[in-house]
Amino acid sequence: MEKLFISRDSLKKLLDRLARNLNLVAPVKDPEGIIMFGPVADAGQVLLEYQNSTLPPKSFFFPQTERLFKFSYGQEGMALEDMCGSDKRVLFGVHPCDLKSILSLDPVFAGAYKDPYYINKRENSAIIGLACSNPSPGCFCATFGFGPDDGEGSDIMLTPSGKGFDADVLTDKGQEIVASYKDLFEKAGDSPRIAGETRLTVKKLDLTGIKELLDGNFELEYWNQVFEKCLGCGICTYVCPTCHCFDIYDSSKGGCDGERYRSWDSCMFTHFTMMAGGHNPRPSKKERVRNRFMHKLKYHIDRYGLAGCVGCGRCVKSCPVNIDIRRIISDLGEVSRNGQL
Amino acid sequence: MGNCKCDNPYLPYPATIKEVIDETVDVKSFQMVFDDPEVMESFKQQPGQVAQISIFGVGEATISITSSPTRKGILEFSVKKVGQLTAALHDLGPGSRVGVRGPYGNHFPYEIMKGRDLLFVGGGIGLAPLRSLIDFVLAGENRKEFGKVEIIYGARSVDDLCFKYDILDNWPKYDNTDVYVTIDRADMAWQGHVGFVPSYLEEVKPSPLNKYAITCGPPIMIKFVLQALNKMGFQDGQIITTLEMKMKCGIGKCGRCNIGSKFVCLDGPVFTLSQLKELPPEF
Ligand SMILES: Cc1cc2nc3c(=O)[nH]c(=O)nc-3n(C[C@H](O)[C@H](O)[C@H](O)COP(=O)(O)OP(=O)(O)OC[C@H]3O[C@@H](n4cnc5c(N)ncnc54)[C@H](O)[C@@H]3O)c2cc1C
Ligand code: SF4
Ligand code: SF4
Ligand code: FES
């Protein structure tokens with residue numbers, strides 16, 4: 001790993017050049033004041049300090065709606081046109097929780113059946129991470145064993161330091177970027193990195209005993225206390241950087257031609273598991289709410305050995321009835337210690 | 001954004017319907033052939049696996065491959081009309097173009113069944129997945145590898161019996177193979193047994209010795225069949241069933257078919273009762 005430094009001025013230049021030469025995606029504020037990752041043409045728009053974006057950058061690998069292929073019936077039979085290609089892209093300014101969430105999604109889309117849509121975008125993207133200098137009060141990433149300056153998952157990790165940013169070059173992709181814009185980087189100095197202190201301000205919940213509790217107890221009286229107020233709106237899954245459920249459907253204007261798409265779906269919706277004949281394995285909000293938290297705190301770990309939650313706090317902020325995964329973690333901890341709340 | 005030439009598991013292979021067989025009022029069997037003979041050759045399913053059938057412009061549905069892999073050059077699916085895709089498929093006839101991708105899921109563990117007797121218990125369209133294994137076991141040289149075969153099958157009425165040609169004509173002709181058929185309600189046109197599958201099973205009372213029981217049917221039937229089998233002395237490890245969950249991708253990505261940490265599309269649909277008991281009761 002190479003440790004470099006980039007001044008604020010040089011970083012502006014870097015972003016300008018990246019925007020010109022490649023597709024640059026970075027956090028920006030829209031006219032309504034909402035922070036989103038989006039394509040940027042002008043480096044001036046890019047936020048160098050922000051609290052988590054409303055939606056995670058996940059959509060640049062796994063878009064909310066994505067065309068899978070086109071089909072057409074013709075003289076020669078059926079023709080399918082695959083749409084899994086992707087352009088080169090640089091994702092700038094990704095916070096540690098969002099970096100970790102991408103690592104949590106990777107094994108879902110890899111495995112015995114490789115998902116070319118996700119994987120092509122992933123391979124064609126370089127990620128420049130950005131440490132959080134001002135984590136939001138809802139953040140609890142420290143719970144999952146990392147902090148606001150953790151670069152894992154990025155190709156280059158930037159951490160505010162002195163009059164610019166320390167730039168840790170972590171991968172070959174990162175090295176390539178540095179090599180193309182050598183003039184903008186210098187050797188790292190010894191100014192202290194700010195994130196050392198912000199790390200301490202982030203909430204760290206105790207996960208002790210929770211996985212074991214959930215492993216041994218599918219039925220817990222506790223879930224009855226959680227699900228009632230849930231509205232089933234699904235926004236918690238919509239904003240979550242590790243949720244990966246989708247629906248597949250066709251669109252065709254009649255005739256012979258059309259397209260197949262996939263779109264994000266949510267396990268919080270009734271129809272998600274509804275089967276022919278009306279049988280539904282998760283018929284009520286109780287089962288659905290439990291499934292969501294079990295996925296985050298158990299199932300994803302069982303399947304992939306990785307946490308299904310990265311503590312970004314987005315679902316906490318978005319839930320209209322304040323169902324709060326931090327509260328649930330601390331309650332489950334309590335149940336595991338005392339057998340009840 | 002260009003298109004690329006990678007292996008894409010979401011792309012169905014174009015196929016053509018060759019023959020349609022009316023099984024019941026709402027079940028039809030479709031024999032299909034891939035348009036590309038190389039695909040037909042390389043598509044190697046195992047008994048119990050499923051495929052995703054596409055009608056372009058309508059969508060996809062997960063359907064068991066009911067034909068045995070020993071039947072070459074053709075894939076057969078038996079489909080009950082319940083919604084959009086299945087209704088659209090019922091409107092298609094020979095020559096119609098569809099798409100098929102797969103095979104997906106695990107399969108019936110016939111490797112461990114060799115040398116044993118087999119008991120099949122099916123209800124309604126639930127016979128479709130069992131049929132891939134029954135025909136596999138009965139086919140040619142395979143027959144010698146397995147012991148006695150007993151098949152207990154039922155449906156609501158005579159008209160609801162699927163695969164009548166197999167249950168009434170073909171299967172009973174095989175050596176050491178007994179077929180028991182029942183319908184739920186008495187019917188003038190029916191000389192055979194009347195009663196529900198689980199109680200008929202208890203009447204027939206097959207011995208659990210050196211035997212595997214394989215069952216599939218409506219959830220309520222499965223529930224009582226499992227209880228009856230246990231009562232008759234079958235151990236959980238001797239009982240095999242196939243589960244249905246709603247599926248979309250079939251390849252472990254869309255997150256829809258989970259039961260606890262398992263995905264039915266990858267880790268199932270075939271489970272032993274001991275495996276089922278390890279899962280949360282959410283199916
Ligand atoms: C492992 C497996 C094997 C199956 N094998 C067969 C088979 O051999 N023959 C057969 O006829 N059917 C089989 N099914 C069920 C079949 O997949 C559904 O009936 C079909 O997808 C319904 O599609 P549709 O578009 O017609 O219905 P839709 O219009 O989508 O919906 C109609 C109703 O069916 C429900 N439904 C939708 N998708 C599914 C689904 N995947 N599973 C169950 N219910 C669903 C809907 O919630 C709704 O209640 C199998 C399902 C699974 C998971
Ligand atoms: S569950 Fe909530 S806090 Fe955890 S990663 Fe998803 S949105 Fe963030
Ligand atoms: S955001 Fe809150 S109310 Fe909406 S589905 Fe999620 S938990 Fe339920
Ligand atoms: S059907 Fe998509 S994960 Fe199983």
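Numbered from 1 within each chain, the chains take letters A, B, ... in sequence-line order.
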Residue [X] versus chain B: region with a heavy atom under 4.5 Å:
X	value
A:H244	both
A:D265	side chain
A:L80	side chain
A:R290	side chain
A:T273	both

Cut-off 3.5 Å, side chains only: do [X] and [Y] have a donor facing an acceptor?
X	Y	result
B:Q52	B:T62	yes
A:N291	A:Y299	no
A:D115	B:Y10	yes

Option that, when pairs with chain A are counted at under 4.5 Å, heavy atom only, ranks first among [options]:
options	value
B:L266, B:T16, B:N258	B:N258
B:E244, B:R256, B:K262	B:R256
B:G57, B:C254, B:G255	B:C254
B:V82, B:V58, B:D35	B:V58
B:K246, B:E60, B:K80, B:M245	B:K246

Stacked cation flag [X] on [Y], 6.0 angstrom / 45 deg:
X	Y	answer
A:R262	A:F246	yes
A:K285	A:W223	no
B:R185	B:F196	no

Strictly distance-based, threshold 3.5 Å: is any side-chain N or O of B:Y153 a donor or acceptor partner for the main-chain N or O of B:C162? yes
Neighbour count above 12 (heavy atom, 6.0 Å) for A:E212 CD: yes
Are A:D250 and A:R260 close enough for a salt bridge, meaning some N to O gap below 4.0 Å? yes
Heavy-atom contact with chain A under 4.5 Å, split by part of B:F283: backbone
Proximal component of B:C249, with respect to chain A [non-hydrogen, under 4.5 Å]: both
What option among A:Y118, A:F109, A:Y249 has the most heavy-atom pairs under 4.5 Å with chain B? A:F109
For chain B, which of A:M275, A:K114, A:E287, A:E219 has the most heavy-atom pairs under 4.5 Å? A:M275
